[in-house]
J.: 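Below are the structure tokens for one structure; questions will follow.
Residue numbers begin at 1 in each chain, while the letters A, B, ... track the order of the sequences.
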Protein chains: 2
Amino acid sequence: MVVEGIHALLQNEDSIAWMGHASDANSCLAYLQQQLPDVILMDISMPGISGIELCREVKEKYPGVFVIGLSTFNQQSFIQKMMENGASGYVLKNAGREELIEAIHTVVKGKQFLSFDAATALRKPDTQNDIPVITRREKEVLELIADGMTNNEIAQKLFISSTTVDTHRKNLLAKFEAKNTASLIRMAAHAKII
Amino acid sequence: MVVEGIHALLQNEDSIAWMGHASDANSCLAYLQQQLPDVILMDISMPGISGIELCREVKEKYPGVFVIGLSTFNQQSFIQKMMENGASGYVLKNAGREELIEAIHTVVKGKQFLSFDAATALRKPDTQNDIPVITRREKEVLELIADGMTNNEIAQKLFISSTTVDTHRKNLLAKFEAKNTASLIRMAAHAKII
DNA sequence: TAATGTATCCCGTAAAAACAGGATATTCCC
DNA sequence: GGGAATATCCTGTTTTTACGGGATACATTA
């Protein structure tokens, strides 16, 4: 429906020819073996491999194809990763027909196009969205905490003292600036760490 | 873009008149005070109030308006909740133009319409997908727990006793079969409840 | 009307986590 | 070699949760 909708939006635009569409990463890659478009509009939320991964793969194999990320979310992390993986643009789905066409025309010239809100999100030095760097051991402990294990249980599992587990826990709380375990776990879950 | 796309899809359909669109729950409710459509196509993932909540509210105030849920996900829990809250149909966004039009024609007669995959998902007795049913109050408490608040803080915020908060907490742990807060929060986060 | 679900409240004990404030050994990098 | 980061361990106290028991009030609904 969305695909058909976008197709309908672009139908009357003579400067743009619709070549086809793929509904998942594999069929997209299979399609590209047959013929190469100038531009791919890529939904970043897809079944299986994410649009971010697919973007990287497409740009590796076909550097000449320009990719525009499409998403409902203007989350800094998504946009950044998409651009880092070689996308030429990022357009929010609430954008209008005009904007989409402008985006396509812009990226095909080798330039970058970002929706206004996306550009804004990217510019601001990630306020709420700073995922702290945690060590391997801390991540390990974090996962076990999320599994519902207590300090003692974690200690036994990792063959360390429970006071050590407690220290890791303190460090996790400090790094995430979390008030307690509950907010820590939510932050970690939202950051896709667990 | 999605809205414009759907609009474009329905433009050539004489039996369907496009009345307008709203981009969030509040403007939708405001719109309905002015004029009532026969059918609302409602995205279930919206900023602010979820489509599920909005559906309930719309059906309470305007029982004559038929609601069709639109979503990318054919998750049993979403579909079920949407239908429980009074929706007349559920169409996946990967559905085609034909299907959407059929859905509109069907629900306007007072009948139910479900996309094939949605109907399938609804029939199967949820395999891995057992997200417990929680009450509105429990959800409220759950969110505040995830915000890092203690029982006392939650009690003050909601103007209830901290023992009541504790009871809600007990019920949440029991419903999710969670061992402690940490695992509860992770489950809730993964189930997209928080 | 009786049953059910929801929301509210209480007491008590035991376990767990939060927090303060240390220490030591190792590894990795400049 | 010296410093930083990491991982380990310790002793406390206070706060918060977990969990066992209850109870009452209200609305919905079968």
J.: Is the backbone of B/M149 close enough, under 3.5 Å, to the side chain of B/D147 for a donor and an acceptor to pair up by distance?
T.: no
J.: When you compare the protein's N or O atoms with those of nucleotides 10-16 of chain D, which come within less than 3.5 Å of each other, and at what distance?
T.:
| unit_1 | atom_1 | unit_2 | atom_2 | d |
| --- | --- | --- | --- | --- |
| D/dC10 | OP2 | A/S161 | OG | 3.2 |

J.: Provide, to the nearest angstrom, the distance between the CD atom belonging to A/E138 and the P atom belonging to D/dT8.
T.: 10 Å
J.: Could you tell me which residues satisfy side chain to side chain donor-acceptor pair (under 3.5 Å) with A/E99, sequence neighbours excluded, listed by chain and number?
T.: A/S115
J.: Mind checking whether B/L10 and B/I101 have side chains closer than 4.5 Å, heavy atoms only?
T.: yes
J.: For A/I194 and A/E143, work out which heavy atoms get closest and say how close.
T.: CG2-CG, 3.7 Å
J.: Would you mind reading off the distance between B/L144 atom CG and D/dT17 atom C1', rounded to a whole angstrom?
T.: 17 Å
J.: From CZ of A/F159 over to P of D/dC9, roughly how many Å is that when rounded to an integer?
T.: 12 Å
J.: Just the rounded figure in Å: distance from C1' of D/dA18 to NE2 of B/H168.
T.: 17 Å
J.: Go through the steps to decide whether A/E153 and A/K157 satisfy the test salt bridge (charged side-chain N to carboxylate O under 4.0 Å, His left out), and finish with yes or no.
T.: CA-CA 6 Å; A/E153 290 166 343; A/K157 173 140 194 169; over 6 Å; no
J.: Could you tell me from which nucleotide to which nucleotide of DNA chain C, 5' to 3', there is an atom under 4.0 Å from chain A heavy atoms?
T.: C/dA16 to C/dG21
J.: For A/L173 and for B/V133, locate the closest nucleotide of DNA chain C by heavy-atom distance; then report the residue assigned to the nucleotide nearer the 5' terminus.
T.: B/V133
J.: Could you tell me which residues satisfy ring pair (Phe, Tyr, Trp, His ring centres under 6.0 Å) with A/H7, sequence neighbours excluded, listed by chain and number?
T.: A/W18
J.: Any ion pair linking B/E140 and B/R136 (charged N to carboxylate O, less than 4.0 Å)?
T.: no
J.: Per the end-axis method with five pairs at each terminus, what is the bend angle of the helix from C/dT1-D/dA30 to C/dC30-D/dG1, to 10°?
T.: 60°
J.: Crowded around B/K179 NZ? As in, over 12 foreign heavy atoms under 6.0 Å?
T.: yes
J.: Pair up each side-chain donor or acceptor in residues 166-174 of chain A with any protein partner under 3.5 Å, not counting sequence neighbours, and list the distances.
T.:
| unit_1 | atom_1 | unit_2 | atom_2 | d |
| --- | --- | --- | --- | --- |
| A/T167 | OG1 | A/T163 | O | 3.0 |
| A/R169 | NH1 | A/N151 | OD1 | 2.6 |
| A/R169 | NH2 | A/T181 | OG1 | 3.2 |
| A/N171 | ND2 | A/T167 | O | 3.4 |

J.: Taking CG from B/N171 and P from D/dT17, how many angstroms apart are they, rounded to a whole number?
T.: 16 Å
J.: Return the value, rounded to whole Å, for the distance between atom CG of A/L172 and atom C1' of D/dA7.
T.: 13 Å
J.: Surrounding NZ of B/K175 (heavy atoms of other residues, nucleotides or ligands, distance under 6.0 Å), is the total greater than 12?
T.: yes
J.: Checking side-chain contact (heavy atoms from CB on, under 4.5 Å) for the pair A/L100/A/L41: CA distance, chi angles, key distance, verdict?
T.: CA-CA 10 Å; A/L100 179 61; A/L41 302 175; 4.0 Å; yes
